[in-house]
*Asks:* 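Before anything else, here's the structure in question.
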Amino acid sequence: MKLYEFTQAPNPRRVRIFLAEKGVEVESVQVDIVGGENLADEFKAINPRGVLPTLVLDDGTVIDESPAIYRYFELTHPEPPLMGTDAASQAYIASVERHMEFDGIQAIGDVFRNSNPAFATRRKTGQSGDASIEGLVEQGRVGVERFFDSLNARLADSEYVAGDTFTIADITALCAVDFAKWIRMPLGDGREHANRWHASVSARPSASA
Ligand SMILES: N[C@@H](CCC(=O)N[C@@H](CS)C(=O)NCC(=O)O)C(=O)O
């Protein structure tokens with residue numbers, strides 16, 4: 001089994017944190033996104049979508065999308081459970097985790113990809129040839145502020161993002177909040193619940209994985 005990833009990038013970090021929480025070690029291969037290695041024929045022969053993280057099982061099955069990789073390891077290494085323990089909690093945690101990616105990581109990614117000259121023709125993840133769109137920067141910034149506000153509101157009522165235990169929703173939210181530093185959008189002092197949570201999850205050993 002091999003995990004193709006890039007240490008600096010936020011989505012591969014999601015899987016690294018998940019594996020660290022589980023205590024699972026997987027052979028990893030670095031693919032330099034900034035240098036465009038994920039767009040080259042060699043990596044596209046492994047995953048034509050050109051995205052990281054990508055997990056390749058021993059039988060050659062290729063699995064991308066972090067939640068799918070989470071699922072694989074949750075089933076093969078159930079302890080500690082990070083995706084819920086019954087139908088309702090599993091569905092709820094999956095739903096909140098999706099919010100963290102779509103409302104958080106994607107909005108931040110829109111700002112990053114459309115404002116960074118190194119990605120001027122790489123608006124779409126895993127592809128080249130799509131020019132940046134200026135309007136997506138402003139739209140993305142509005143989305144990031146909304147994401148931070150909703151995260152803060154959520155954490156006013158619970159210790160963790162999807163309830164009273166640490167789950168994949170926390171992992172994805174942590175990667176989003178730290179990714180936002182790349183576009184110089186910190187949580188800000190006013191969001192006290194989100195700041196309390198961020199300090200707590202950042203102190204877990206897995207956060208430095
Ligand atoms: N929805 C995917 C997102 C994967 C993604 O966008 N990964 C980024 C790295 S953070 C990537 O592969 N970027 C390639 C590129 O920029 O060309 C997931 O859940 O894993």
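One is the number of the first residue; the rest follow in order along the sequence. Counting convention: from 1, in listed order, for ligands and their atoms alike.
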*Asks:* Atom 5 (C) of ligand 1: which protein heavy atom is closest, and how many Å away?
*Replies:*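 Closest protein heavy atom to atom 5 (C) of ligand 1: N11 ND2, 3.3 Å.
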*Asks:* Report yes or no: does K124 have a heavy atom closer than 4.0 Å to ligand 1?
*Replies:*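 Not so, K124 does not reach ligand 1.
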*Asks:* Check the pair L55, Y4 against side-chain contact (heavy atoms from CB on, under 4.5 Å), reporting the backbone distance first and the verdict last.
*Replies:* CA-CA 6 Å; L55 179 69; Y4 292 85; over 6 Å; no
*Asks:* Consider ligand 1: state whether an atom of it lies below 4.0 angstrom from any non-hydrogen atom of R14.
*Replies:*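 In this structure, R14 qualifies as a contact of ligand 1 - some heavy atom is under 4.0 Å.
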*Asks:* Quick one: look up the protein heavy atom nearest atom 20 (O) of ligand 1 and list residue, atom name and how far away it is.
*Replies:* S66 OG, 2.8 Å
*Asks:* Looking only at protein heavy atoms, identify the closest one to atom 12 (O) of ligand 1 and say how far it is in Å.
*Replies:* L52 N, 2.8 Å
*Asks:* Would you check whether A68 reaches within less than 4.0 Å of ligand 1, judged by its heavy atoms?
*Replies:* no
*Asks:* Establish, yes or no, whether a centroid distance under 6.0 Å links the rings of F18 and F73.
*Replies:*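 So the answer is no for these two rings.
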*Asks:* Test your reading of the structure: does P67 have an N or O sitting under 3.5 Å from an N or O of ligand 1?
*Replies:* no
*Asks:* Start with the C-alpha gap between V161 and M100, add the side-chain angles, then the distance that decides, and say whether side-chain contact (heavy atoms from CB on, under 4.5 Å) holds.
*Replies:* CA-CA 9 Å; V161 171; M100 299 303 120; 3.9 Å; yes
*Asks:* Which ligand 1 atoms does P53 reach within 4.0 Å, using its non-hydrogen atoms?
*Replies:*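 Selected atoms, number and element: 20 (O).
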*Asks:* Considering both backbone and side-chain atoms of N38, is one of its nitrogen or oxygen atoms within less than 3.5 Å of a nitrogen or oxygen in ligand 1?
*Replies:* yes
*Asks:* Indicate yes or no: does an N/O atom of R122 lie under 3.5 Å from an N/O atom of ligand 1?
*Replies:* yes
*Asks:* May I ask you to list the atoms of ligand 1 that are less than 4.0 angstrom from any heavy atom of A9?
*Replies:* 9 (C), 10 (S)
*Asks:* Just jot down the ligand 1 atoms closer than 4.0 angstrom to any heavy atom of F119, in number order.
*Replies:* 16 (O)
*Asks:* Could you work out, for atom 11 (C) of ligand 1, the closest of V31, N47, T125 by heavy-atom distance?
*Replies:*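 Among V31, N47, T125, the closest heavy atom to atom 11 (C) of ligand 1 comes from T125.
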